[in-house]
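Fair warning: this is a prediction, and the values are worked out from it, not measured in the lab. Here is the naming used below: chain letters follow the sequence lines, and residue numbers restart at 1 for every chain.
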Amino acid sequence: MTTIRLHNTLSRQKELFEPLDPSNVRMYVCGPTVYDRAHLGNARPVVVFDVLFRLLRHVYPGAVTYARNFTDVDDKINAKAAETGRPIRDITDETIGWYHADMDALGNLRPTFEPRATEYIGAMIAMIQTLIDKGHAYEVAGHVLFKVRSYPEYGRLSGRSVDDMIAGARVEVAPYKDDPMDFVLWKPSDASLPGWESPWGRGRPGWHIECSAMSFELLGASFDIHGGGIDLQFPHHENEIAQSCCALGADFARVWMHNEMLLVEGKKMSKSLGNFFTVRDLLDQGVPGEVIRYVMLMTHYRSPMDWTERKAREAEGKLLSYWRTLHRYAPGYVPDAKKASGKLLDALCDDLNTHLALVALDAEHKFAETSGQAEQLADDMALLGFMNFRGPIEPEAEWLWGPAQHLNVLSARLEAMRAEALTTKDFAPVDTLKSALLAAGVEVRMSKTGVELVPGPGFDPAKLEGL
RNA sequence: GGCGGGUUGGCGGAGAGGUUACGCAGCGGAUUGCAAAUCCGUGUAGACCGGUUCGAUUCCGGUACCCGCCUCCA
């Protein structure tokens, strides 16, 4: 049995992963608030936990449940609705559609469950009522607040004490709070805002209770892994723990995993710095989803990841050389993630060391080039989620992007010209055509056995016109 | 101010108390009409100052710098 080791934020160390129930391994990851396109930083946890999902499915076949929510009730959504005059449901439906399209484009599997918060309001109200009944929450001025002092373990995940937090607090405290640390479980909605009837009047849930309620409904009071960005560690995850543990009296999540943040050219992505962009922006610029995925995996998930143009180019070069190898040496092969190499699995099982996983890919690539056997490379790429980007593996001669079909014609012509030049010793016409092809971003390879033309990075079909 | 993380060769980025990381770029070679692709070989590290140790880039302490969270911008 393969053993997985994962870094647990709770213990701050790598632990042997032992599922509560090996026949149903359960993972919850905090999903997006759906009011706008996902930016690149939003994609990092999706890719990270997609790799974990794939690894878990490999080790526990058919026994993994993965839930990732959509927060579709939120003041940012309300603000957008007020701004545009559009119904909230239109906005959230559209944004969810975008999210699916963008995350699919990065090769991510859909989770088992993708609950929408608005479909679990009843569960949230029930949980809040339980917290009140147990003395962990109180109602005041139409709000229900969680009483942080009633949960002595509060701060365990983020490693802070309640007193430290109060001392360092810079936020104005709402006057109705008993204690500055208390946070909202339920808040009142006026007629202009979305709201649901509750024992405390018409209102809407606080953000944190959503994940507690949905994870309980879908995965139970205790489950194996809870993931999300490290920015959620406090207060979101701390509050989830307080709510779930106090309401349910159970362990809640056993392993907490947090991915580090994303930088762009060394700086935090922000609108004010002008380096803010969405996944869709990159895709529209022609950066392939697989390249984005590869760049995400180049850095370990617990280190900050820097998105740079240079890395994207390096990733594209790598992937192109892998694809070329697959098409040359494994045409017709149907990749099977279940046959991933031990080296790849060892890397992933060691707290998702995706960088060493890519090193394993390199080793398989080199093996394929020297042995002519590329099946293992295909299988390894499949486990990492790279094999659904370009369809089946065709013989290399047929492996061309749609707009590049007539490279076949050019390739035949170049070969004929070269054959003639080899006898006449006049290479000028050959070089002219070759230069034009290179200028269009086509890789030109001539060997004694023939001529091959392959679209390279920066391939521009328009420049082939007239050749 | 409080809490946490980081600093590795031109660039990216790992592991390991002592033995080659690896990749990209560079350089040399094979190959090539010239190239490309591929293969082979190769140089360059461990922020700074101390400590532990036979031996530290790897453990401990301090300094500097960077970053994140504490503010429902992930």
Side-chain angles (χ1 to χ4, degrees), chain A residues 9 12 30-33 35-36 38-46 71 74-77 155 158-161 163-172 181 183-184 187 206-208 210 228-239 258-263 266-272 276 295 297-300 302-306 308 310-311 313-315 317-318 320-321 324-325 328 347 350 353-363 365-366 368-370 418-419 421-428 430-431 434-435 437-438 442-448 451-454 456:
Chain A
T9 307
R12 271 142 249 267
C30 292
T33 298
Y35 70 103
D36 208 351
H39 65 239
L40 194 61
N42 293 314
R44 168 117 107 141
V46 179
T71 293
D74 181 274
D75 286 347
K76 283 196 291 283
I77 302 171
S158 52
R160 349 176 158 211
S161 77
D163 293 325
D164 283 349
M165 286 185 265
I166 291 172
R170 292 198 231 154
V171 204
E172 262 186 63
M181 290 311 297
F183 58 89
V184 170
K187 49 192 167 187
W207 173 40
H208 312 298
E210 296 176 12
I230 196 165
D231 52 305
L232 299 179
Q233 183 187 6
F234 186 90
H236 184 54
H237 291 161
E238 199 73 74
N239 292 354
H258 293 98
N259 62 278
E260 255 291 351
M261 298 291 95
L262 178 127
L263 306 171
K267 290 182 176 151
K268 183 180 174 174
M269 184 163 72
S270 73
K271 286 174 180 165
S272 57
F276 182 96
V295 172
L297 299 185
M298 285 171 81
T299 304
H300 186 82
R302 281 191 287 112
S303 296
M305 195 220 95
D306 196 7
T308 62
R310 185 169 177 156
K311 270 191 194 171
R313 278 200 304 276
E314 187 175 328
K318 278 280 173 207
L320 280 173
S321 73
R324 186 161 46 231
T325 298
R328 180 179 296 166
D350 183 13
N353 194 331
T354 53
H355 187 271
L356 284 185
L358 296 179
V359 169
L361 233 50
D362 253 330
H365 175 239
K366 180 158 286 188
E369 282 293 336
T370 50
R418 177 164 167 271
L422 283 171
T423 57
T424 65
K425 299 297 171 197
D426 176 14
F427 289 98
V430 182
D431 286 337
K434 195 176 82 173
S435 301
L437 288 165
L438 291 172
V442 178
E443 289 179 7
V444 180
R445 293 198 295 278
M446 300 186 212
S447 63
K448 50 254 130 202
V451 171
E452 291 177 88
L453 300 182
V454 178

**Student:** Generate the contact string for nucleotides 24-29 of chain B. Rules: B means base contact, S means sugar-phosphate contact only, - means no protein heavy atom under 4.0 Å.
**Tutor:** S-----
**Student:** Hey, which of these two, His355(A) or Tyr35(A), hits RNA chain B nearer its 5' end, going by closest nucleotide?
**Tutor:** His355(A)
**Student:** State whether Thr370(A) places a side-chain N or O below 4.0 Å from either non-bridging phosphate oxygen (OP1 or OP2) of rC39(B).
**Tutor:** no
**Student:** Looking at Glu238(A) and Gln233(A), would you say the former's side chain and the latter's main chain have a donor-acceptor pair under 3.5 Å?
**Tutor:** no
**Student:** Between Leu297(A) and His355(A), is any pair of side-chain heavy atoms under 4.5 Å apart?
**Tutor:** no
**Student:** Could you walk me through whether His236(A) and His208(A) pass the side-chain hydrogen bond (donor to acceptor under 3.5 Å, both in side chains) test, one step at a time?
**Tutor:** CA-CA 6 Å; His236(A) 184 54; His208(A) 312 298; 2.9 Å; yes
**Student:** Check nucleotides 15-17 of chain B against the protein and report each pair of N or O atoms closer than 3.5 Å, with its distance, or say if there are none.
**Tutor:**
none

**Student:** Considering every strand and a 4.0 Å limit on heavy-atom distances, what is the contact class for Lys434(A): base, sugar-phosphate, or nothing?
**Tutor:** base
**Student:** Of the options rC72(B), rG12(B), rG68(B), whose atoms approach the side-chain atoms of Trp207(A) most closely?
**Tutor:** rC72(B)
**Student:** Do the side-chain N or O atoms of Lys366(A) get closer than 4.0 angstrom to the phosphate oxygens (OP1, OP2) of rC40(B)?
**Tutor:** yes
**Student:** Using the P atom in both, what is the distance from rC60(B) to rG23(B), to the nearest Å?
**Tutor:** 31 Å
**Student:** Quote, to the nearest angstrom, the C1' distance that separates rA14(B) from rU63(B).
**Tutor:** 27 Å
**Student:** Please work out if Thr299(A) contacts a base, only the sugar-phosphate, or nothing of the nucleic acid, heavy-atom cut-off 4.0 Å.
**Tutor:** sugar-phosphate
**Student:** Could you tell me whether Lys318(A) and Asp362(A) have a side-chain N and a carboxylate O separated by less than 4.0 Å?
**Tutor:** yes
**Student:** I'd like the C1' distance from rG55(B) over to rG18(B), given in whole Å.
**Tutor:** 6 Å
**Student:** Reading RNA chain B from 5' onward, which residue's closest nucleotide shows up sooner: Ala428(A) or Arg302(A)?
**Tutor:** Arg302(A)
**Student:** With P as the reference atom in both, quote the distance from rU20(B) to rG41(B) in angstrom, rounded to an integer.
**Tutor:** 14 Å
**Student:** Using every non-hydrogen atom in the two residues, find where Met181(A) and Phe234(A) come nearest and quote the distance to one decimal.
**Tutor:** CE-CZ, 4.2 Å
**Student:** Please work out if Met261(A) contacts a base, only the sugar-phosphate, or nothing of the nucleic acid, heavy-atom cut-off 4.0 Å.
**Tutor:** base
**Student:** Closest approach to the side chain of Glu369(A), judged atom by atom: which nucleotide of rG12(B), rC39(B), rG68(B) is it?
**Tutor:** rC39(B)
